[in-house]
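What you are looking at is a predicted structure, and each value in this text was computed from that prediction instead of being measured. Proteins come first, then strands; the chains are lettered A, B, ... in the order of their sequence lines, and each starts at number 1.
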There are 4 protein chains.
Amino acid sequence: MSTARRGGRTRSPESHEAALAAAADLLEEQGYRAVTIEAIAARSGVAKSTLYRWWRSKPELVMEAYTRKVAERVAEPDTGGVEGDLAAFLAEVYRIAGYPDRVRALRGLMAEAQLDPEFLPAFREWVDGRRAIVVAMLERGIARGELRAEVDVEHAVDLVFGPFWYRLLVEHAPLDPADAPRHAAAILGGLRG
Amino acid sequence: MSTARRGGRTRSPESHEAALAAAADLLEEQGYRAVTIEAIAARSGVAKSTLYRWWRSKPELVMEAYTRKVAERVAEPDTGGVEGDLAAFLAEVYRIAGYPDRVRALRGLMAEAQLDPEFLPAFREWVDGRRAIVVAMLERGIARGELRAEVDVEHAVDLVFGPFWYRLLVEHAPLDPADAPRHAAAILGGLRG
Amino acid sequence: MSTARRGGRTRSPESHEAALAAAADLLEEQGYRAVTIEAIAARSGVAKSTLYRWWRSKPELVMEAYTRKVAERVAEPDTGGVEGDLAAFLAEVYRIAGYPDRVRALRGLMAEAQLDPEFLPAFREWVDGRRAIVVAMLERGIARGELRAEVDVEHAVDLVFGPFWYRLLVEHAPLDPADAPRHAAAILGGLRG
Amino acid sequence: MSTARRGGRTRSPESHEAALAAAADLLEEQGYRAVTIEAIAARSGVAKSTLYRWWRSKPELVMEAYTRKVAERVAEPDTGGVEGDLAAFLAEVYRIAGYPDRVRALRGLMAEAQLDPEFLPAFREWVDGRRAIVVAMLERGIARGELRAEVDVEHAVDLVFGPFWYRLLVEHAPLDPADAPRHAAAILGGLRG
DNA sequence: ACATAACCGAGACGGTACGTCAGGTCTTGAC
DNA sequence: GTCAAGACCTGACGTACCGTCTCGGTTATGT
């Protein structure tokens, strides 16, 4: 498609950044409930109409703010063995639970994804990016013969992320990076040849 | 403060039931977004002030409506072996995914639990009731020597419910009761002696 | 549930009055442009939603505020003769021009009546009430034989109010109560037997 | 509209005309409310910034559009006598009322003149041009001895235009060219020697 | 048996946030 | 050096629900 820009003032990077920063700050400082379009506009100095020009809805703005300002890249570990890799990955993921700000942010995004059907795809896209890391990890394990070839990779990935989200959302038990090796072992125990 | 009841009209069971029924209907028919106090009042004919007299907030009303009108008892299976029990339980749980109404309801409740800190306890209480079934199941397995005694039961339960919720919330893959035996095997594979 | 009933908290006279007072004040102090629903809400302490409950639109609120708080009753003069009556009436009407606040108010209302078709009827109703005074005056003159019976009363009334509004709106010339007798004479000159 | 032809871009009369035409069309077709700068820009293809370069505000643009595109020259009648002249003039003026488009336009301009103090002068200038016709007419009558020399010409002109505007704005009665002679007689009745 | 007080409906109230729209200013790039 | 395109802030609009608060009327006790 032609991106026929035939003139016009160019988009202000300052406004764009300020909006994302304000959204990210509100998300972390006060939780998702405090993230309103009006609050983002007030805090960033960007007009509401400008926000609506660039983001179709609040959750899309917040999702972008989260991925750009809050989420850190989770490195793809490579310890030589699948159990070590998984333990390292889980430990890194569990560490998030130590930062209440980020927990609030994640929970709010998950909630919004449930309440706003139009937001779910954007959220899922991000989730899928994270899943891909684990998929690659497990397939490496299969290739190395550490795991059975018939393993249900989708369910295996769910065994990695499912408990994480479940604890995050229900808060019935803490997430401790120290538990990562045991959890990794429990997950892989059923997947070996 | 004396709370001497010296007479007075008694609580109307009709209003109570009508409110719960309206909330449940709205929850299933149109999803959580459509469940507003005003809609419940309008549909049930129960006044807003009466709703607020008996429930402190919308989510508490809806949670009660869900457990009383929507959720069916999940029978505690007993097939003689832990893997059979777990497979039967998972199959029953996964069946929920075949009813979009109930899926919408569950997702909405989970979302509200994230956004409203005062609701989380009520939601968690319900969740804990469901967890207890699996806890009992696994402990029976340990007692019978099918599982190692040192098993991290909490994490094991998370391996059961985590993937369920994760798929429900993210919708990256369907939940099929036919997968239950394989999933049960994968979960228990790492917990055996 | 049961049949239709009529309960409910009664309308707050304080809010009602406060809204009208705020609207009238804004109208006089700063002119019609400053009269916004938001400003009325802010100044009166009455919620916007309450304003919209009681008045369908801003102009209707302002019209009510004007008639109740600003407009003074123009006494129906009775000097015994139609020319004296008319001169007295015109003098009183022209006096309005000496109060810039009220001029601003009148002009704003007239303008809004042009721009908002739904407001015109409310405005016209008020205008008609004022016309009736002059109609009665002229008919008394006809009854007394001071004016010809075939006089076009409608146009005669227009000769009274038309120049008033015209000067008010266009501001090409001042309105001076001292001119009233001469104007009365000019108007009646063409209406006599 | 088309753009520049030769090198070294010059000011575009096409844009100018297109803007006026769009404003006039909108004014007549949909009334003053529909005449927005955005609508004029969209319909004419002239950029908002270009509009603001040539006219300081919307009403000034619209006023120019009205006088150039909508208003027809009202011929200065000369029947030999002031009453005939006035009757002819009034008939022509009243005929405007038969064209709803032009009525809408006039009412909108009058309204805007009230709400926007910066526009009033431009509007008054146009009004004064029309007044001058009647002034000349009456002064001819005085010179011919048909009217008293002491006549208050300003008020006399108001007796001509006042009722016209008053009926246009309030719409309490129709304006019919057939009434022109009677109205002329009523107006002049009080001004004769 | 009847007074008392809690119950219930209706709905008005002060609020918060929504998403939209037009105004008027400013910036960029094409011609 | 004009002009289109259009980004930008401002400010008001009217709507939807929220949770609280009267009202007037109703009904089941406890004395």
Residue-phosphate contact under 4.0 Å: [X] side-chain N/O, [N] OP1/OP2:
X     : N      : value
C:W54 : E:dA12 : no
B:T50 : E:dG9  : yes
C:R9  : F:dC21 : no

Length of the [atom1]-[atom2] vector between [X] and [N], whole Å:
X      : N      : atom1 : atom2 : result
B:L115 : F:dC18 : CG    : P     : 14 Å
D:L61  : E:dG24 : CG    : C1'   : 14 Å
B:W55  : F:dG19 : CH2   : P     : 15 Å
B:E17  : E:dC8  : CD    : P     : 13 Å
C:I40  : F:dG11 : CD1   : P     : 18 Å
B:D116 : F:dG19 : CG    : C1'   : 13 Å
B:L51  : E:dA10 : CG    : P     : 12 Å
B:E118 : F:dG19 : CD    : P     : 10 Å

Q.
Using five pairs at each end of the helix from E:dA1-F:dT31 to E:dC31-F:dG1 to define an axis, what is the angle between those two axes, to 10°?
A. 10°
Q. Residues from residues 19-39 of chain D sitting under 4.0 Å of DNA chain F, heavy atoms only?
A. none
Q. So which one's nearest nucleotide on DNA chain F is more toward 5', C:R56 or A:S12?
A. A:S12
Q) Where each residue is assigned the nucleotide of DNA chain F containing its nearest heavy atom, which of D:R53 and C:S57 is assigned the position nearer the 5′ end? A) D:R53
Taking atom types as they are modelled, would you say the side chain of [X] forms a donor-acceptor pair with the base of [N] within the 3.5 Å cutoff?
X     : N      : answer
C:K48 : F:dG14 : yes
B:S49 : F:dG19 : no
A:S15 : F:dA7  : no

Of all heavy-atom pairs between [X] and [Y], which one has the smallest distance, and what is that distance?
X     : Y      : answer
A:K58 : A:T36  : CD-CA, 4.1 Å
A:L51 : A:I37  : CD1-O, 3.8 Å
A:S44 : A:A22  : CB-CB, 3.7 Å
C:V46 : C:S15  : CG2-O, 3.4 Å
A:Y32 : B:L115 : CD2-CD2, 3.9 Å
A:E29 : A:R104 : O-NH2, 3.5 Å

**Q.** Closest listed nucleotide, where the reference is the side chain of A:Y52 and the choices are F:dT10, E:dG15, E:dG19
**A.** E:dG19
Q: Evaluate the criterion salt bridge (Lys or Arg N to Asp or Glu O under 4.0 Å) for residue pair B:R33 and A:E112; output intermediate values, then yes/no.
A: CA-CA 11 Å; B:R33 264 284 148 98; A:E112 196 63 33; 3.5 Å; yes
Q | Salt bridge B:K48-B:E38, side-chain N to carboxylate O under 4.0 Å | A | yes
Q.
Quick check on side chain to side chain contact (heavy atoms under 4.5 Å, CB included): which of C:R11, C:E64, C:E60 does C:W54 satisfy it with?
A. C:R11
Q) So B:W55 and B:H16, would you call those rings parallel, tilted or perpendicular, with 30° and 60° as cut-offs? A) tilted
